[in-house]
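Note sheet for the following structure.
Model, not experiment: these values are computed from the prediction.
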Amino acid sequence: MITFHEKDKIFHLNNGRISYLFYIMESGQLGHLYFGKALRVEGSYLHMAEKAHRPMTTYIREGDLYTSYEHLRQEYPCFGTSDYRYPALEVQGGDGSCICKLEYQGYEIIKGKKSLDGLPATYTEEDGEAETLEIRMKDAWRNLEAVFSYSIFRDVDAIARSVRFFNCGEEDLFINRAMSMSVDMPDADYQSIQLSGAWARERFIKVRELETGVTSVSSMRGNSSHQHNPFLALKRKDATEHRGDVYGFSLLYSGNFLAQAEVDNYQVLRMMIGINPFGFRWKLEPQNVFVAPEAVMVYSKEGLNGMSRQFHRLYRTRLARGYWRDRERPVLINNWEATQFHYVEADLLQFARKAKECGIELFVLDDGWFGRRNDDKRGLGDWKANREKLPEGIEGLAKKVGQLGMKFGLWFEPEMVNKDSDFFRDHPDYILQTPGRSISHGRNQYVLDFSRKEVVDAIYRQMHKLLSEAEISYIKWDMNRSISECYSAAYPSDRQGEIFHRYILGVYDLHERLIQDFPKLLIESCSSGGGRFDAGMLYYAPQGWVSDDSDAIERLKIQYGTSLCYPLSCMGAHVSACPNEQVGRMTPIETRGDVAYTGAFGYELDLNKLNAEEIETVKKQVVFYKKNRTLFSKGDFYRLLSPFEGNFAGWEVAEPDGSRALVTVVRILSETNGPYRRLPLYGLLEHQEYHVQGRYHSYDAYGDELMQYGLMLEDKSSGQVVDGSGGCMDFLSVMYEITAKSND
């Protein structure tokens, strides 16, 4: 899949569907040629390197009025040497200069793919799944070596990129900027798509026209954030969900990030993504290595849905890992919205017994079980059971839940501490705080300094003890505030620019240790819902709580946007109580179930407060999800109707072989006497006959009809009730089952 054309000095990555080409310039730097639909492997492509004389340009050689890095498309641009656009790399030496020039030294092609030390990364399991190209570069003046890594996958239209730097000199170097990838594209005729929002409305789809200048999203909060996601897509202006050229860029990282599209005055587009340079300065001592996080680039000629399916396939099978990667996730119930802090063991067991009666498989005890935790002002850091609530501790409760025939899960917030806790009183210096300045709090809590190994070790020992003593199958890993006053007492002044990144490395380290010690433990990542829902966390936690907003109608946009990059198998989605805790909305329990199916399914309510009819609905939902959870988690996902664009939301999950599909349509607000509607489907077999089962009607149709003419939608909104169906209703959903009929 990787070839090097010696004559033209061109590297060509090609899996038969996509191509990525770059070359070695005469100066020794790397120039970019092409990324997109696969091109022929043979032939020369050097003519793609466009050159022209431009007035007011700085050139790199005397007498040469054509070669300027300002006007050449590059692979990994450095600061200075005639390029005035934002660089991918900025390194400062002892002389104070930030000029850097990386020159080509050699290459190696590796079968498979290497891991990244201490960082999440995609991986391979079988021979031939991927090939990796490593390019060695060097700035001889700085004695700085760099290795650019490009991995292309056989079965996914994606390229994973990373870079590592080695100080082979005798003086300290400071890395001020080290992006994980950069690519210069020949034109800027794109719209950018970002996933942005805030707490309880995370990852809304935002589309922007690219103009001359910079379009970017970023986080400076210490976590990837509710506000912006480490993902950016570029789509041609005529591209849709199902056709047209789309490029997706995703960073496998959970801390401060920057995703940036820069358009120059000649409409050349520079796209880059990596650690946010703001607040970052890494001291690279002699004979030491710095590794930047991995970034994944996807190309699709089948629109946004095509891009999403590539990300889904890669992240579900070759980023998520371990015991739970391919296994069916248990249907869970979480007690938080039902009880919050106020419960005793008898309440929890009654809660669990009702859940078992409904077929639920996992009971999760949320916040309030430890220390003196009766509110959010105390207890964080004291990971020992509150014996007033739980007389026999976590091990006793877990055992009793197990005797009911259910698995037991537990909530933690390992990275935080309350001042009113024994842990803080013993270790007041363990938090991030700037000497002589006030300390901000969020939710009455403070951030532990996970850049320090002794702090991570102290939390690890407490968690390890609990997980060793009790039968705990699942943990919900929460983080309820971002980082402010980012300063560590353990590091000198010239290393304070490393703390944000070292903090995330500490978080990853704690995850990794627990995974190695307890390989069957299912971890669900949470950060006040979606504050750290990113590809980096998927490497450690195969599912994440999508948002603290559990209202089904709000979740339409949240989950729809999240699906641009992230697979359904990683989206924690629950049926919550009505009126909903966040927005007070009353939504039919059927709709709440239909929306929550497209994720790691569960409940967030008190089943004992439901009436008999609602309990029967819950039992049916659990049976339906268990029957279909493999399809929901591993099927091909198609977005059909956008809640950002109208009154309807719709999506489809289809078996890859086209034998079956489930289609969900939600009408948000009722309408009177609406038009007939049809919805074209995808992923079916043209000549296969299918049985279509809706809520009220069923019929048979062939795949070509369903994909061309469309699925005929049921509509009970005539405004006149004549059949006892209930007539008009807000927040109504219908699930359609599309099943291939036997040829007999």
Side-chain angles (χ1 to χ4, degrees), residues 119-120 179-180 192-206 208 214-233 248-261 272-280 293 295 413-416 432 440-443 445-448 450-451 477-486 499-508 511 524-541 544-549 554-555 557-559 561-566 570-572 582:
L119 286 165
M179 306 306 285
S180 295
S192 72
I193 299 181
Q194 65 197 58
L195 301 177
S196 299
W199 176 82
R201 52 178 174 85
E202 297 89 347
R203 290 174 300 286
F204 278 27
I205 296 173
K206 305 291 184 181
R208 288 201 267 179
V214 174
T215 299
S216 68
V217 292
S218 64
S219 173
M220 300 183 293
R221 297 168 176 265
N223 54 316
S224 50
S225 83
H226 301 274
Q227 285 69 26
H228 301 295
N229 198 260
F231 163 85
L232 197 69
F249 304 90
S250 171
L251 185 66
L252 279 59
Y253 190 60
S254 307
N256 292 348
F257 76 92
L258 172 67
Q260 176 175 297
M272 58 177 61
I273 193 167
I275 294 176
N276 196 326
F278 179 84
F280 175 81
E413 192 168 4
E415 302 160 58
M416 303 292 155
L432 291 170
S440 303
H441 74 87
R443 206 186 182 217
Q445 61 195 48
Y446 300 84
V447 185
L448 290 171
F450 265 42
S451 72
W477 186 311
D478 213 341
M479 192 198 83
N480 282 301
R481 65 157 294 185
S482 298
I483 295 173
S484 56
E485 297 88 39
C486 185
I499 305 306
F500 272 121
H501 182 57
R502 287 189 180 275
Y503 178 93
I504 292 298
L505 295 180
V507 172
Y508 290 158
H511 274 89
E524 179 165 313
S525 175
C526 179
S527 180
S528 285
R532 202 164 62 190
F533 194 102
D534 54 66
M537 292 311 303
L538 275 182
Y539 187 69
Y540 305 96
W545 186 226
V546 176
S547 175
D548 276 351
D549 191 337
E554 294 295 307
R555 278 295 189 103
K557 290 182 177 179
I558 295 169
Q559 292 175 201
T562 302
S563 74
L564 252 67
C565 184
Y566 304 102
C570 76
M571 296 188 205
Q582 289 81 39

Separation of T562 OG1 from F204 CZ (nearest 0.5 Å): 9.5 Å
Reported CZ-to-OG1 distance for the pair R208 and T215, which is rounded to 0.5 angstrom: 5.0 Å
E415 and Y503, any side-chain heavy atoms less than 4.5 Å apart: yes
Side-chain heavy atoms of S547 within contact of R555, under 4.5 Å: yes
Step-by-step side-chain contact (heavy atoms from CB on, under 4.5 Å) determination, N229 to E202: CA-CA 9 Å; N229 198 260; E202 297 89 347; over 6 Å; no
Residue pair L448 / P414: nearest heavy atoms and the distance that separates them: CD1-O, 3.5 Å
Between CD1 on residue I499 and SG on residue C486, distance to nearest 0.5 Å: 6.0 Å
Which atom of S525 lies closest to which atom of R532, heavy atoms considered: OG-O, 3.9 Å
Side-chain donor or acceptor of S180 paired with backbone N/O of P293 under 3.5 Å: yes
Nearest heavy-atom neighbours spanning I205 and G561: CG1-CA, 3.7 Å
Closest non-hydrogen atom pair between S216 and L258, with its separation: CB-CD1, 4.0 Å
Side chain Q559, main chain M571, donor-acceptor under 3.5 Å: no
Audit row: F500, N276, side-chain contact (heavy atoms from CB on, under 4.5 Å) steps and yes/no: CA-CA 10 Å; F500 272 121; N276 196 326; over 6 Å; no
Backbone of V546 reached by a side-chain donor or acceptor of R203 within 3.5 Å: yes
Sidechain-backbone polar pair: E554 side chain, A200 backbone, donor-acceptor under 3.5 Å: no
Donor-acceptor pair, side chain of R481 and main chain of Q445, under 3.5 angstrom: yes
Main-chain N/O of L252 paired to D534 side chain as donor or acceptor, under 3.5 Å: no
Short side-chain to backbone donor-acceptor contact, N256 and S224, under 3.5 Å: no
Gap between atom CD1 of I275 and atom OG of S218 - 0.5 Å precision: 13.5 Å
side-chain contact (heavy atoms from CB on, under 4.5 Å) between F257 and H228, intermediate numbers included: CA-CA 9 Å; F257 76 92; H228 301 295; 3.9 Å; yes
Whether S527 side chain and M479 backbone form a donor-acceptor pair below 3.5 Å: yes
Where H501 and L119 come nearest, the two heavy atoms and their spacing: CE1-CD2, 4.3 Å
Any side-chain heavy-atom pair of M537 and H511 under 4.5 Å: yes
Which atom of P230 lies closest to which atom of Y253, heavy atoms considered: CG-O, 4.0 Å
Stepwise side-chain contact (heavy atoms from CB on, under 4.5 Å) test for F231 and L564: CA-CA 9 Å; F231 163 85; L564 252 67; 4.1 Å; yes
Straight-line distance of L232 CG to L251 CG, nearest 0.5 Å: 11.5 Å
Polar side-chain atom of D549 near backbone of R201 as donor-acceptor pair, under 3.5 Å: no
Note, V447 side chain near M416 side chain (heavy atom, < 4.5 Å): yes
Inter-residue atom distance S484.OG - L432.CG, 0.5 Å rounding: 8.5 Å
is_close_aromatic(Y540, Y508), centroid dist under 6.0 Å: yes
